[in-house]
Amino acid sequence: MTPQRTPVPASTRILRSALLTLSLFALALIGMGAGMVSVYSQHLPDINRIADYQPVTATRIFARDGTLLANLYRDQDRIYVPISRIPPLVRYAFIATEDRSFLSHHGIDYYGIFRALVADLFHQKFQGASTITQQLARRLFLSNEVSITRKMQEALLAIEIEHYYTKDEILERYLNLIYLGSGAYGIEAAAHIYFGTDVGRLTLPQAAMIAGLPAAPSNYSPYVSLERAKSRQRHVLDRLASDGYITHAQADAAYDAPLNLAGSAPVGLFSYKYPYFTTFAINEVEKYFGADDAEEGGLHVDTTLDPRMQRIAEEAVHWGAQSAKVENIDADQAALVAIRPGTGEILAMVGGANAFSLQNQFNRAWQAQRQPGSSFKVFVYTAAIDNGKTPQSIVEDEPSSYPNGDGTLWSPTDDDHRYLGAIPYRMALALSRNVAAVHVAHDIGIDRVLEYAQRMGIRSKLQPDLSLALGSNVVTPLDMASAYGTVDNAGIRIEPTSLRLVRNSIGEDVLDKRFPVQHDVISAGTAYVVMTMLESVIQRGTGYPNALIGRPEAGKTGTTSDFRDAWFVGFTPDLVTAVWLGNDNYHRMTESYGGNIPARIWARFMKAALEKTPPHDFLMPAGEVVRVPICGSTSAEYFRTGTEPGTKCTYGWGANPWTTPTPIAKKPDLRVTPSPQGTPTQ
């Protein structure tokens, strides 16, 4: 007898059919997935490139105290930093916001992928779901195309990346690649752009604000909308608290804390701090390393700039320009450059009386070619002393004429149109006597004067005619400061520089080991004797009393006869500074002498710049200089060894030269070698 089969309930049959259908559908999906993986796995990029990846990074330029002066970049402002320099709290802020399961997943968020696929099937729009690893894969290897193909490739690359690289390696590259708005690529660039600091110094409120930017950098930037940026910051802080990285109380306190935004910085060269100096430093970087490395080499440049001195210099130049207006001197521009004589380091540079701007980028401190007037006489007397003359050598301050070479005669004169007769070199320099200086230059040869000027630091092309002795050729303030620095530095010329240390992107020092370049150009004895002569300029000459600063100092005034240029160049044992005053269009000033406003600018700057430096004397070189007492006085004269008199004492200035001049009956007919800026005088 055939057993009776118990009928299967309809509900069971339906359930079985459904399970079978789902199983077949699942198998189909698995098959499709496997097929898709097989298809999308083909032609994937080689992830080994990650190991060698070093993005093009910006060159950063710093002052000597670590102040960031400029970021140089061609396309993207990016500064690469290792994970060890990114504080844990900064890392956690990004993890909590962008990928909460980053530390535990293997490249993808499966629930997120499923949600995105469903969204794609029904709404034709993805709903995020990219992990940090996926974002890195997309940024390194893929485009931003919105498609299922790109999404699958992104996921497969993420899985492979997680297999071969650690979480720290992945996070380091992500944090250095990500765009964070306002032109900043990477966490370090963002720290500087938004808060003016390094990533290692970011506070919790600052880190939270930056971590909120990746979702929509243009919308959440505090420079675009502080309200939206604060809302996003709140979101990040809440995530950090809910994930246990900080407490809720810390999150509330951070939200209420000040951000200390750096301010929406202008782009390009207008974002530079102290731009007159910084543009000069950039010029040097490009000269030594080329434009490509300067903009894309990731160099770390430590410059010589002392920000405190720079601020003092800017204030002094501005004060001088304002004083010129108040005193109706008709001078619109001024420049100052200060150098440490023993190293050639440029500590301060101000290229104009006005702020650096689109209309005013000309840097008069190193680009302006102007007549130095009598400040050039230092080269005349240095050449003479180095060739056997002494401060007590006699020169005749009397009418003289010299052939121009075209059948005419040139008769130099002084602005007071008086002659002092036979006077010592020291007096001639201190009182800036033109006729005497031309006599000395003629006696030793103008070619020799030219040679000494260039040996000591003047790089301009000079013409070998006698008016050169009075500063008829053009020079820059930077060259004048450098040349006077040669006297200050015992006769050793050191090429002026704005660079102290340059490291490449992996931290290697790439600045020439011979840098800075130095040359032994005059004897230490000559330099010291000339220095004492320049001391007299300030103590009882054309620099008195405006250049007095209450410590050992030396310097020289310079003025052109038509008052188009006025100078003071001077130094102490620690600092040499050149100051120029004039107009860009060469318009005449009103009776503006180097001993007036330029000397006052110089003194104002030097007093403040050296405020924390104890005064000390110039060091007399042993065995190269002989000190001889002045008869009947507590003072002394100085001679290079071998040129001193064979007596126990020597004479001084003698009678007061201002009470014994020889007036001339007739002003001589002046025929001077033509020059666009006029004839130099005192």
Side-chain angles (χ1 to χ4, degrees), residues 374-375 377-397 420-433 435-437 439-441 443-444 449 452 456 469 484 486-491 522-545 547-548 551-557 570-573 615-661:
S374 287
S375 61
K377 290 174 183 173
V378 68
F379 307 117
V380 175
Y381 288 95
T382 298
I385 298 298
D386 207 41
N387 285 274
K389 299 294 185 178
T390 78
Q392 291 299 318
S393 294
I394 298 299
V395 57
E396 295 292 339
D397 185 12
L420 304 183
I423 56 175
Y425 278 18
R426 180 178 291 276
M427 182 188 297
L429 180 60
L431 301 180
S432 200
R433 305 304 294 173
V435 174
H439 271 304
V440 174
D443 288 346
I444 64 173
V449 173
Y452 272 79
M456 292 171 67
Y484 273 68
T486 299
V487 178
D488 198 2
N489 193 40
I522 57 175
S523 72
T526 292
Y528 188 84
V529 170
V530 171
M531 178 279 299
T532 70
M533 296 171 69
L534 293 172
E535 283 183 313
S536 296
V537 173
I538 296 176
Q539 293 166 354
R540 56 193 302 194
T542 55
Y544 179 86
L548 288 173
R551 63 172 66 220
E553 55 182 314
K556 185 69 186 74
T557 57
F571 55 87
T572 70
H616 57 101
D617 290 326
F618 293 98
L619 183 63
M620 187 169 72
E624 296 195 41
V625 175
V626 176
R627 182 181 184 274
V628 179
I630 292 176
C631 301
S633 170
T634 58
S635 300
E637 185 57 274
Y638 296 86
F639 301 85
R640 288 184 61 208
T641 300
T643 65
E644 70 275 14
T647 57
K648 292 184 178 180
C649 64
T650 186
Y651 55 86
W653 276 21
N656 186 336
W658 298 115
T659 62
T660 58

With side chain to side chain contact (heavy atoms under 4.5 Å, CB included) as the test, would you mind laying out the steps for T542 and K556 before giving the verdict? CA-CA 8 Å; T542 55; K556 185 69 186 74; 4.1 Å; yes
The test is side chain to side chain contact (heavy atoms under 4.5 Å, CB included); show your working for V440 and K389 and say whether it passes. CA-CA 10 Å; V440 174; K389 299 294 185 178; over 6 Å; no
Just do the side chain to side chain contact (heavy atoms under 4.5 Å, CB included) check on Y544 and Q539 with the steps written out, would you? CA-CA 6 Å; Y544 179 86; Q539 293 166 354; 5.9 Å; no
Step by step, would you call V625 with R640 a side chain to side chain contact (heavy atoms under 4.5 Å, CB included)? CA-CA 5 Å; V625 175; R640 288 184 61 208; 5.7 Å; no
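The side chain to side chain contact (heavy atoms under 4.5 Å, CB included) test applied to D443 returns no partner, not counting sequence neighbours. Under the ring-ring contact (aromatic ring centres under 6.0 Å, His included) criterion, Y484 pairs with no residue, sequence neighbours left out. When the side chain to side chain contact (heavy atoms under 4.5 Å, CB included) test is applied to A527, the partners found at least two apart in sequence or on another chain are I522. Residues that satisfy the salt bridge (charged side-chain N to carboxylate O under 4.0 Å, His left out) test with D397, not counting sequence neighbours, are R433. The side chain to side chain donor-acceptor pair (under 3.5 Å) search around T486 returns none, not counting sequence neighbours. Taking S633 as the reference, I630, S635 meet the side chain to side chain contact (heavy atoms under 4.5 Å, CB included) condition, with sequence neighbours excluded. By the side chain to side chain contact (heavy atoms under 4.5 Å, CB included) test, P645 is found to be paired with V628, F639, T647, T650, residues two or more places apart in sequence or in another chain being considered.
Looking at T390 and T643, their side chains never bring a donor and an acceptor atom within 3.5 Å of each other. Counting only N and O atoms by type, the side chains of T572 and R551 include no donor and acceptor under 3.5 Å apart. With 3.5 Å as the limit, one finds a donor-acceptor pair spanning the side chains of S432 and K377.
The six-membered or imidazole ring of Y528 lies away from that of F618, with a centre-to-centre distance of 6.0 Å or more.
Side-chain contact between Y452 and I444: absent, with no pair of heavy atoms (C-beta onward) separated by less than 4.5 Å.
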Going by atom type alone, with no hydrogens or angles, which donor-acceptor pairs under 3.5 Å involve a side-chain atom of residues 420-430 and a protein atom two or more places apart or on another chain?
residue, atom, partner, partner atom, Å
R426, NE, E637, OE1, 3.2
R426, NE, E637, OE2, 2.9
R426, NH1, T532, O, 2.7
R426, NH1, S536, OG, 2.9
R426, NH2, T532, OG1, 2.9
R426, NH2, E637, OE1, 2.4

